[in-house]
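Taking it in order: structure first as structure tokens, then the write-up.
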Amino acid sequence: MTGSLAVVWPAMLAAFLASLVEAVEALTIVLAVATVRGWRPAGLGAFAGLVVLALIVVALGPLLDRVPLHLLQLVIGILLLLFGMRWLRKAILRSAGIIPLHDETTAFAAETAELREQARRHEARLDWLASLASFKAVLLEGLEVVFIVIALSAGRGMLVPASAGALAACLLVACIGLIVHRPLARVPENTLKFAVGVMLSAFGVFWTGEGLGLDWPGADLAIVAFAALFLAVSAAAVVLVRRPSAEVLP
């Protein structure tokens, strides 16, 4: 495992938390499919999605070594910063009560109702449609995980620790889901998104500077300082935009 511990552990933690959020959202749809049509189509669709994601990682991983390091760090840094700020924006607005919190129970009910409506209209094709819904959920949520894992490992040989963090989160959610057979509504998803947004933004600034040839004070420890800065600014933003009488937007 290469790279200093100041980068390895934050990268692994960021990959774990981001994957935890995405895996919970994918699990909600897979469980809805299993509730309506059974575990066979749900499992087949989820497995197919995982296979496609694995192929994407295998294909893209070696290609990164052929890109000049500074260019790779610059591009990945900008993308990570944009990605992290998107997560932070939603987390800030939800924490401030401007938009409602994501509710896995509500999402599960909506997905189940949609699948049952499809069952009423397309009974003959329902197994195929159910598998497709499960496949799409795993693939779309998993693509964000793949991007985060590849971006966090760019240029520092951290594909293994970042992948390990993501895999651990996915296995954890899958095992809990198989045991409880219901959405993980109690997972503090917005808090996790807040933390992931902070960490991705911090890595984004760090990689962008590295790509531009900057020598950050403290080297890799600058990531911790950036994370603290983003956390402080985001917490202040929550206080500034929160209005006690504000109506929560749909």
Side-chain angles (χ1 to χ4, degrees), residues 10-11 13-32 75-114 136-152 165-166 169-170 172-173 182-208 223-250:
L13 181 60
F16 177 84
L17 295 178
S19 302
L20 194 66
V21 172
E22 302 297 346
V24 167
E25 294 182 355
L27 175 67
T28 297
I29 298 178
V30 173
L31 286 176
V75 173
I76 290 296
I78 293 173
L79 291 176
L80 269 181
L81 185 58
L82 294 175
F83 207 78
M85 293 299 292
R86 181 172 70 89
W87 281 46
L88 265 183
R89 174 183 173 275
K90 289 185 178 180
I92 289 171
L93 292 176
R94 284 172 175 157
S95 297
I98 303 300
I99 59 177
L101 295 174
H102 184 77
D103 188 343
E104 291 301 331
T105 301
T106 302
F108 176 79
E111 185 67 25
T112 302
E114 181 179 348
K136 287 170 58 179
V138 172
L139 181 62
L140 294 178
E141 302 297 345
L143 282 175
E144 294 200 30
V145 174
V146 169
F147 168 76
I148 290 172
V149 168
I150 291 177
L152 290 174
C170 293
L172 176 63
V173 170
R182 63 175 180 266
L184 306 186
R186 295 188 178 182
V187 174
E189 186 171 334
N190 196 59
T191 302
L192 292 177
K193 286 186 175 180
F194 209 116
V196 173
V198 166
M199 298 182 75
L200 294 185
S201 300
F203 270 97
V205 172
F206 181 81
W207 290 137
T208 301
I223 296 174
V224 180
F226 291 139
L229 178 61
F230 274 107
L231 179 60
V233 172
S234 300
V238 171
V239 175
L240 290 175
V241 301
R242 178 184 290 133
R243 297 183 179 89
S245 59
E247 180 181 354
V248 177
L249 298 177

Item to complete: Write down the atom of Trp207, the atom of Gly77, and the distance for their closest heavy-atom approach.
Response: CB-CA, 3.6 Å
Practice prompt. Measure across Leu172 and Leu20 and return the closest heavy-atom pair with its distance rounded to 0.1 Å.
Written response: CD2-CD1, 4.3 Å
Fill in: Rounded distance (nearest 0.5 Å) linking atom CG of Leu200 with atom CG of Leu82
11.5 Å
Practice prompt. Write down the atom of Phe230, the atom of Met85, and the distance for their closest heavy-atom approach.
Written response: CE2-SD, 3.8 Å
Worksheet, complete the sentence: The reported gap from OG in Ser234 to CH2 in Trp87 (rounded to nearest 0.5 angstrom) is 14.0 Å
Discussion item. Can you give me the closest heavy-atom contact between Ala18 and Val196, atom names plus distance?
Written reply: N-CG2, 3.4 Å
Fill in: CG-CD distance between Leu192 and Glu22, expressed to the nearest 0.5 angstrom
11.0 Å
Worksheet entry | Side chain to side chain, Ile76 and Phe203, heavy atoms closer than 4.5 Å | no
Worksheet item: At what distance, to the nearest 0.5 angstrom, does CZ of Phe83 lie from OG of Ser201?
Response: 11.0 Å
Discussion item. Strictly below 4.0 Å, N to O, side chains only: are Glu144 and Arg86 in salt-bridge contact?
Written reply: yes
Item to complete: Provide the closest heavy-atom pair for Leu80 versus Gly204 in the form atom of the first, atom of the second, distance.
Response: CB-CA, 3.8 Å
Worksheet, complete the sentence: Tightest non-hydrogen contact, residues Ala202 and Phe226, listed as CB-CB, 3.8 Å
Discussion item. To the nearest 0.5 Å, what is the distance between CD1 on Ile223 and CZ on Phe206?
Written reply: 4.5 Å
Practice prompt. Measure the CE-CG distance between Met199 and Leu88 for me, rounded to the nearest 0.5 Å.
Written response: 12.0 Å
Worksheet item: Does the pair Phe194 and Val238 meet the rule for a side chain to side chain contact (heavy atoms under 4.5 Å, CB included), with working shown?
Response: CA-CA 11 Å; Phe194 209 116; Val238 171; 4.0 Å; yes
